[in-house]
Colleague: 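Okay, here's the structure, questions in a sec.
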Amino acid sequence: MDKTPLTPLHEWTPTPDKAIALQRELAPRVEREDRIGEVNLIAGVDIGFEQEGAITRAAVVLLDWPSLTLVDHVIYREPTRMPYIPGLLSFREIPAALEAFNKLSATPDLVMVDGQGIAHPRRLGVASHLGLWLDLPTIGVAKSILCGRHDEVPEQRGGWTPLSHRGEVIGAALRSREKVKPIFISSGHRVSLETSLDWVVRCLGRTKLPEPTRLADRLASRRGAMPAASS
DNA sequence: GCGACAG
DNA sequence: ATCTTGTCGC
């Protein structure tokens with residue numbers, strides 16, 4: 001495996017062409033097979049914005065497995081560095097996400113990210129990119145598709161259909177809840193698609209999004225209160 | 001050249 | 001992503 005240090009995004013705001021070149025360079029380093037140990041802590045990550053998008057707000061929640069109890073949570077704010085460009089989302093969100101991660105009280109064994117993993121034009125969505133940086137198993141949990149297509153999704157909860165792009169299965173459309181539009185799961189780093197689906201389903205409450213992502217979402221967008229931390 | 005387009 | 005209240009249905 002390539003051990004070359006990754007380019008530090010926090011001190012570099014790339015132009016679109018440079019960002020794309022970096023994605024092509026990093027994509028081969030993403031591991032799509034399982035390389036995940038015992039899971040006791042699962043993290044959820046999401047980014048929100050304030051003041052017309054001028055401020056980026058990163059939120060990370062840490063949940064205990066299997067109780068799915070909130071163990072810790074962090075919110076980190078900083079000036080927004082880059083505009084949103086489809087396909088280059090990681091360059092806009094990762095710097096803030098990493099800062100939030102550094103303030104976490106413990107290192108998670110698995111991370112669920114709001115966005116695509118390898119279900120990306122160059123196979124390096126935000127979940128994969130973040131996984132490389134953290135060198136942790138990550139799963140992409142997206143609410144809509146960036147690229148790829150799929151057939152009808154089974155109606156029952158837990159049913160899924162492969163998401164394909166250019167003749168390759170890059171993820172899955174998952175019915176996380178009956179009678180609700182599916183969510184899109186893809187391996188981020190060090191977790192296979194099958195294992196990703198297992199974990200997402202196991203973390204589902206009676207809501208559309210799995211707990212890690214759902215809670216990070218609430219924190220990042222300033223809605224509702226967080227369940228009391230246990231300990 | 002014409003759409004599509006994570007958050 | 002964000003602006004935003006109530007409301008229909010399981």
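In the text below, chain A, chain B and the rest are named by the order of the sequence lines, each starting its count at 1.
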Colleague: Between A:Asp217 (CG) and C:dT2 (P), how many Å, whole number?
Modeller: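 It works out to 8 Å between those atoms.
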Colleague: Quick one: which of B:dG7, B:dC5, C:dT2 gets closest to the side chain of A:Leu146?
Modeller: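 Of the options given, the side chain of A:Leu146 lies nearest B:dC5.
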Colleague: Closer than 4.0 angstrom, basic N to acidic O: yes or no for A:Arg32 and A:Glu168?
Modeller: yes
Colleague: Please report, rounded to the nearest Å, how far the C1' atom of B:dA6 is from the CD1 atom of A:Ile94.
Modeller: 13 Å
Colleague: With under 30° as parallel and over 60° as perpendicular, where do the rings of A:Phe184 and A:His150 fit, or are they tilted in between?
Modeller: tilted
Colleague: Applying a 4.0 Å non-hydrogen cut-off, can you work out what A:Ile183 is touching in the nucleic acid: base, sugar-phosphate, or nothing?
Modeller: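 Nothing, no nucleic acid heavy atom in range.
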Colleague: May I ask you to evaluate whether A:Lys143 reaches the phosphate of B:dG7, defined as a side-chain N or O under 4.0 Å from OP1 or OP2?
Modeller: yes
Colleague: Scan A:Ile85 against the nucleic acid and name what it touches under 4.0 Å (heavy atoms): base, sugar-phosphate only, or nothing.
Modeller: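 Result for A:Ile85 = nothing.
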Colleague: For a quick check of understanding: with a heavy-atom distance under 4.0 Å over all strands, which category does A:Glu50 fall into, base, sugar-phosphate or nothing?
Modeller: nothing
Colleague: Within the structure shown, what part of the strands sits under 4.0 Å from A:Gly48 by heavy-atom distance: base, sugar-phosphate, or nothing?
Modeller: sugar-phosphate
Colleague: Give a yes or no on whether a salt bridge exists between A:Glu50 and A:Arg57, defined as a side-chain N under 4.0 angstrom from a carboxylate O.
Modeller: yes
Colleague: Below 4.0 angstrom from OP1 or OP2 of B:dG7, is there any side-chain N or O of A:Ser144?
Modeller: yes
Colleague: Nearest whole angstrom, please: distance from the C1' of B:dC5 to the CG of A:Leu163.
Modeller: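 Value for this atom pair: 14 Å.
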Colleague: Starting from C1' on C:dC3, measure out to CD on A:Glu52 and report it in whole angstrom.
Modeller: 9 Å
Colleague: With heavy atoms under 4.0 Å as the rule, sort A:Gly140 into base, sugar-phosphate or nothing.
Modeller: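 No contact.
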Colleague: When you check the gap from the basic side-chain N to the acidic O, do A:Asp46 and A:Arg218 get nearer than 4.0 Å?
Modeller: no
Colleague: Could you state the atom-to-atom distance from CZ of A:Arg175 to C1' of C:dC10 in whole Å?
Modeller: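 Distance check: A:Arg175 CZ to C:dC10 C1' gives 15 Å.
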Colleague: Between A:Asp114 (CG) and C:dT2 (C1'), how many Å, whole number?
Modeller: 14 Å
Colleague: Report the distance from atom CD1 of A:Ile145 to atom P of B:dC5, rounded to the nearest whole Å.
Modeller: 9 Å
Colleague: Under the side-chain hydrogen bond (donor to acceptor under 3.5 Å, both in side chains) criterion, do A:Ser192 and A:Ser187 qualify, and how do the steps go?
Modeller: CA-CA 6 Å; A:Ser192 66; A:Ser187 40; over 6 Å; no
Colleague: What is the nucleic acid contact for A:Tyr84, judged by heavy atoms within less than 4.0 Å: base, sugar-phosphate only, or nothing?
Modeller: base
Colleague: Return the value, rounded to whole Å, for the distance between atom CD of A:Glu155 and atom P of C:dC10.
Modeller: 14 Å
Colleague: Please pick, from C:dC10, C:dT2, B:dG7, the nucleotide with the shortest atom-to-atom distance to any side-chain atom of A:Ser221.
Modeller: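 For the A:Ser221 side chain, the nearest candidate turns out to be C:dT2.
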